[in-house]
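The basis for the numbers below is simple: all heavy atoms, side chains too, and nothing from hydrogens, waters or symmetry mates. Bear in mind the structure is a predicted one, so any value in this text is a computation, not a measurement.
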Amino acid sequence: MKVFRGKIWTALGSLMDHAGAAASTKASTAAAPDRALLTDIEAAIARCTDGGGGGGSVSDDRHVHEILFLVSNAPGAITFLSRRITARLEAARTPATALRSLLLVHRLLRAGDRYFEQDFRGLWASRDLRVNAPRCGCSCSPLAASGAGVNYVTASVAAATGACSFLHGYTAYLEERMQWVINQSGNLEPTPRPQQDPDDGKPHPHSSYDHAAAEALLFKLAMCQRLLDVAVQLLPDNNTSASASARSAFGIVLRESFKVYDAFKEGLDLMLRSRSVSLTKSLRVSAHEVLRKACAQTPELKDFYHKCKKSNVGKVMEYPVVRVVTQAIELVPPVSREEELDAGEVAQESEGDTSFESKLETTISAVWVEFDDDDQQAGRETTGDDHGSLQAQQPS
């Protein structure tokens with residue numbers, strides 16, 4: 001019996017050794033495709049960023065989708081992808097090469113699904129993916145004054161200056177764009193910032209829902225203005241527009257700016273219709289700043305679209321109608337200097353204090369007229385005070 005049991009244990013041990021050897025062989029054979037897959041990813045990156053890629057052609061789209069397909073088949077490959085793009089960007093010796101790497105980042109961000117997009121932005125936040133333009137010594141670079149830059153080679157002075165200017169502008173745009181996502185309807189929206197308890201956790205005298213909605217709206221409007229700010233600085237000059245990569249990058253920026261402006265316009269309309277929402281001082285200061293900035297930004301945006309349409313640089317036929325905001329500073333109650341300095345501190349609001357005390361009536365002509373109840377009464381008695389009599393937004 002003992003001999004029989006010994007033979008059984010010997011057979012079981014041999015069987016287990018055989019199974020372990022088979023598993024290790026299978027694991028080693030499975031590792032080979034992973035290495036081959038990473039090699040394929042690097043080759044696809046090279047095809048997109050070398051001299052023949054980056055122009056927005058059908059073949060470039062095929063390479064972008066090839067990268068997305070390869071990354072989807074290997075968990076963790078997106079980290080390898082991000083680091084390889086970063087290495088190519090930092091090793092670029094010409095503005096054109098750096099621009100093609102940045103354009104690849106932008107196109108991957110747009111073409112990937114929401115899981116890829118989330119992981120890609122996470123790697124940007126952790127600095128595994130960096131979209132900083134290489135240093136250059138051109139006058140357009142902030143490093144030029146300190147002498148810390150290194151001039152790009154094989155480019156004329158005029159062409160290098162225009163190309164570097166566009167490159168740094170595109171870098172600034174991508175840094176902002178990384179803080180936006182494409183929602184289910186295909187529109188851009190800023191990533192929500194972490195939620196914080198209002199007034200450092202102290203009880204808020206107003207509806208928490210109204211406060212959160214107003215805060216989210218003002219945050220979205222401010223983010224729209226930030227992205228539009230960097231977009232309008234990106235109009236290519238004659239030297240830069242000759243580059244296929246620059247034309248492709250600018251075309252994407254231009255189309256995205258349309259969506260961002262539409263979101264801003266809708267949000268601004270919603271804010272101006274909010275007559276009964278009570279806000280803290282900090283949010284009233286934010287609303288005041290949004291409207292004051294809109295006064296300066298909307299004429300600039302209208303002029304930017306006019307130049308783009310005239311030069312046909314983005315190959316876009318339909319442009320949005322920009323509604324120029326005028327006299328916006330009167331649409332909200334004036335904010336005192338003390339309130340501006342006190343915006344971040346806790347402030348107890350009175351019951352009658354509202355965000356927009358005046359009532360707005362909107363006509364089909366898109367000219368908004370603001371009537372304040374107190375001003376209407378005063379207007380019947382005197383004709384000298386024209387405050388609040390007319391606030392207009394002129395359509396382009």
Mind checking side-chain contact (heavy atoms from CB on, under 4.5 Å) for Ala172 and listing every partner two or more places apart, or none if nothing turns up?
Val230

Does Asp303 pair with Lys307 as a salt bridge, N-O distance under 4.0 Å?
yes

Partner residues of Gln233 under the side-chain contact (heavy atoms from CB on, under 4.5 Å) criterion, sequence neighbours left out
Glu300

Short side-chain donor-acceptor distance under 3.5 Å, Tyr173 and His106:
no

Has Thr97 got a side-chain atom pairing as donor or acceptor with Arg93's backbone, closer than 3.5 angstrom?
no

Distance alone, cut at 3.5 Å: any donor-acceptor contact between the side chains of Trp180 and Glu256?
no

Just by distance, with hydrogens left out, do Thr49 and Arg88 show a side-chain donor and acceptor under 3.5 Å apart?
yes

Counting C-beta onward and ignoring hydrogens, is there a side-chain heavy-atom pair between Arg83 and Leu129 closer than 4.5 Å?
no

Between Asp119 and Phe116, is the side chain to side chain contact (heavy atoms under 4.5 Å, CB included) condition met? List the steps.
CA-CA 5 Å; Asp119 292 342; Phe116 176 89; 5.9 Å; no

Taking side chain as C-beta onward, heavy atoms only, is Thr298 less than 4.5 Å from Thr326?
no

The reported gap from CZ in Arg247 to CG in Leu254 (rounded to nearest 0.5 angstrom) is 14.5 Å

Residues two or more places apart in sequence or in another chain: which of them pass side chain to side chain donor-acceptor pair (under 3.5 Å) with Asp113?
none

Would Arg130 and Glu90 pass as an ion pair if we require N to O under 4.0 Å?
yes

Qualifying residues under ring pair (Phe, Tyr, Trp, His ring centres under 6.0 Å), relative to Phe258, sequence neighbours excluded
Tyr305, Tyr319

Residues which pass salt bridge (charged side-chain N to carboxylate O under 4.0 Å, His left out) with Glu66, listed by chain and number, not counting sequence neighbours:
Arg47

Just how far is it from atom CG of Leu102 to atom CG of Leu167, taken to the nearest 0.5 Å?
6.0 Å

Rounded distance (nearest 0.5 Å) linking atom NE2 of His306 with atom NZ of Lys310:
5.5 Å

Between the CZ atom in Phe80 and the CG atom in Asp128, the distance rounded to the nearest 0.5 Å is 13.0 Å

Between the side chains of Ser82 and Thr79, is a donor N or O closer than 3.5 angstrom to an acceptor N or O?
no

Examine Leu221 and Val181 and state if one hydrophobic cluster contains both, with Ile, Leu, Val, Met, Phe, Trp and Tyr joined whenever side-chain heavy atoms are less than 4.5 Å apart.
no

What residues, two or more places apart in sequence or in another chain, satisfy side chain to side chain donor-acceptor pair (under 3.5 Å) together with Lys293?
Asp229

Got a second to check how far Ile45's CD1 is from Glu42's CD, nearest 0.5 Å?
6.5 Å

